[in-house]
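All remarks here apply to the structure that follows.
All figures in this text were calculated on a predicted structure; none of them were measured in a lab. Numbers here are sequence positions counted from 1.
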Amino acid sequence: MDKRFYDVLGPLPLGELVTGLNIEPLEAKFQEAMITNGEALAGSQAGTISFLQSKKYKSDLDTAGATACFITEDLAHLAGAAHIIPIVSKYPRAHFGRVINKLVRKKEIFDDGELPAAGRDPHIHATAIISKTAEIGEGTIISPYAVIGPGVKIGNDCEIGAHVTLECTIMGAGCTVKSGSCIGTRGFGVDGDEAGLLDLPHVGRVVMGDNVSIGAKTTIDRGLIDDTILGDNVKIDNLVQIGHNVTIGDGAMIAAQSGLSGSCHIGKGVMMGGAVGLADHITIGDGAKIAARACLMHNVPAGEVWSGFPAMPIRDHMRTIAATKKLIQKKR
């Protein structure tokens with residue numbers, strides 16, 4: 001976890017962290033295992049805690065080194081075989097979220113106080129609220145009422161519009177964010193357990209390359225655990241929603257009113273028309289094109305053109321439309 005944005009409150013003993021959760025009791029020898037923070041299971045390190053909710057992702061255990069893992073009963077033996085303490089739970093993801101709330105605290109804008117108006121760079125408007133730990137590059141313009149949170153790093157020659165909010169964000173050089181956009185806020189991660197619904201804590205970042213353009217009133221959520229990543233020269237229109245843990249390759253373009261669910265992977269040079277919708281965990285290959293108002297439920301291979309609701313290769317979509325028209329004409 002990037003300590004520019006988060007205070008890590010651990011290490012804390014595992015027994016203390018799971019107190020109050022409806023789980024199978026831990027063996028006494030595991031109670032004092034010290035946990036520093038949480039990580040995604042794949043590639044996790046000793047001293048961390050993670051979760052595994054579905055056998056679909058059981059291969060994540062192959063590279064996992066976490067000390068403990070919330071896991072369903074049917075998969076618990078796999079954690080034991082990987083020398084990870086299994087915490088048997090009916091709600092692994094939700095319980096993981098509750099533990100993260102005990103281990104990590106996001107720094108807020110007034111924790112460090114804002115810079116005084118006097119003596120500011122002339123490119124920074126006096127009404128902007130900027131954390132003392134934020135880094136603003138040379139030649140960057142900060143417009144009225146922008147809010148730049150703790151640890152945020154903005155490269156040289158960027159332009160941040162009025163009423164923009166930046167949290168937990170690392171931004172390259174030459175980027176533009178138009179008015180009213182929110183970058184790095186918590187995403188829509190919700191899960192439930194015996195205590196009810198939980199807004200899952202998001203402890204990742206938004207990492208943007210150089211020459212990225214973000215339209216007005218667009219929202220880009222920070223990662224749940226890993227980062228949300230936008231490559232160089234990505235161009236995002238107005239009123240676009242990008243969910244947590246999305247990755248967007250260099251030179252991709254996304255038109256207005258499109259919505260990308262969490263953990264989608266968008267390849268280099270992808271072009272999306274207006275009001276495109278993506279289900280979560282969708283991959284779109286390099287150079288693919290998605291027609292306006294398409295609704296994607298499946299991965300799109302590189303270089304292909306898809307359209308429709310649900311989306312399919314555009315030739316199949318056109319054939320379907322033609323066949324439907326013929327059926328209607330016959331009925332008449």
Side-chain angles (χ1 to χ4, degrees), residues 1-21 31-41 43-51 65-70 85 87 92-116 128-136 146-155 160 164-171 182-191 193 195 198-208 219-229 243-245 262:
M1 294 177 189
D2 194 326
K3 292 184 179 180
R4 287 174 290 187
F5 308 124
Y6 304 100
D7 291 321
V8 178
L9 308 179
L12 296 171
L14 183 58
E16 178 180 335
L17 287 173
V18 300
T19 298
L21 300 180
Q31 295 279 344
E32 298 304 316
M34 300 304 292
I35 305 298
T36 300
N37 57 32
E39 287 188 339
L41 187 57
S44 56
Q45 303 297 310
T48 64
I49 192 168
S50 191
F51 72 95
T67 294
C69 177
F70 288 104
I85 300 171
I87 309 172
R93 188 166 175 252
H95 284 161
F96 173 80
R98 295 195 187 279
V99 164
I100 291 299
N101 278 332
K102 295 180 180 180
L103 285 170
V104 181
R105 173 185 174 272
K106 189 178 82 68
K107 295 179 179 179
E108 302 298 340
I109 182 65
F110 293 113
D111 286 353
D112 301 311
E114 74 272 23
L115 290 175
I129 300 174
I130 303 175
S131 169
K132 289 181 179 178
T133 58
E135 298 181 39
I136 312 296
V147 178
I148 313 298
V152 169
K153 183 176 181 180
I154 304 174
I160 308 302
V164 166
T165 298
L166 295 178
E167 300 179 62
C168 306
T169 297
I170 307 295
M171 183 182 298
C182 295
I183 315 297
T185 51
R186 186 176 67 188
F188 186 65
V190 179
D191 214 321
D193 59 12
L198 169 69
D199 290 315
L200 294 170
H202 286 58
V203 294
R205 309 175 297 179
V206 172
V207 179
M208 299 166 57
T219 58
I220 304 177
D221 300 333
R222 65 179 183 266
L224 181 68
I225 303 174
D226 298 320
D227 295 330
T228 300
I229 300 174
H244 56 235
N245 297 103

Test item: T48 side-chain N/O and A46 main-chain N/O as donor-acceptor pair under 3.5 Å:
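Such a contact is absent between T48 side chain and A46 backbone.
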Do side-chain atoms of E39 reach the backbone of Q45 as a donor and acceptor pair under 3.5 angstrom?
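Pair found, side chain donor or acceptor close to backbone of Q45.
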Please tell me if the side chains of [X] and [Y] come closer than 4.5 Å, counting only heavy atoms from C-beta onward.
X: T228; Y: V207; result: no
X: L198; Y: N101; result: yes
X: T133; Y: K107; result: no
X: T36; Y: T67; result: no
X: L12; Y: I35; result: no
X: N37; Y: Y6; result: no
X: F5; Y: I170; result: yes
X: L103; Y: I49; result: yes

Within a 6.0 Å radius of atom NZ on K153, are there more than 12 heavy atoms belonging to other residues, nucleotides or ligands?
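It does not: K153 NZ has 12 such atoms or fewer within range.
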Calculate, to the nearest 0.5 Å, the distance between atoms [atom1] and [atom2] belonging to [X] and [Y] respectively.
X: T169; Y: I160; atom1: OG1; atom2: CD1; value: 9.0 Å
X: L200; Y: I100; atom1: CG; atom2: CD1; value: 10.0 Å
X: I183; Y: M208; atom1: CD1; atom2: CE; value: 6.0 Å
X: M171; Y: I136; atom1: CE; atom2: CD1; value: 9.0 Å

Counterpart residues, side chain to side chain donor-acceptor pair (under 3.5 Å), relative to [X] (two or more places apart):
X: H244; value: H202
X: T219; value: Q241
X: R205; value: D2, D227

Give me the atom names and distance for the closest heavy-atom approach of [X] to [Y].
X: G149; Y: A134; answer: O-CB, 3.8 Å
X: S44; Y: A66; answer: OG-N, 3.1 Å
X: P150; Y: S131; answer: CA-OG, 3.3 Å
X: L41; Y: C69; answer: CD1-SG, 4.2 Å
X: G97; Y: P201; answer: O-CG, 3.4 Å
X: R222; Y: V206; answer: CA-CG2, 3.6 Å

Given L17, D193, V18, D191, the one that forms side chain to side chain contact (heavy atoms under 4.5 Å, CB included) with R98
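Only one option passes, and that is D193.
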Please assess R186 against K106 for the test side-chain contact (heavy atoms from CB on, under 4.5 Å), listing each intermediate value before the final yes or no.
CA-CA 10 Å; R186 186 176 67 188; K106 189 178 82 68; over 6 Å; no
Under the criterion side-chain contact (heavy atoms from CB on, under 4.5 Å), I'd like the reasoning laid out for T185 against D221: C-alpha separation, chi angles, the key distance, then a yes or no.
CA-CA 5 Å; T185 51; D221 300 333; 3.9 Å; yes
Let me see the working for V164 and V147 under side-chain contact (heavy atoms from CB on, under 4.5 Å), right down to the final yes or no.
CA-CA 6 Å; V164 166; V147 178; over 6 Å; no
Under the side-chain contact (heavy atoms from CB on, under 4.5 Å) rule, what do L14 and I87 come out as? Steps first, then yes or no, please.
CA-CA 10 Å; L14 183 58; I87 309 172; 3.8 Å; yes
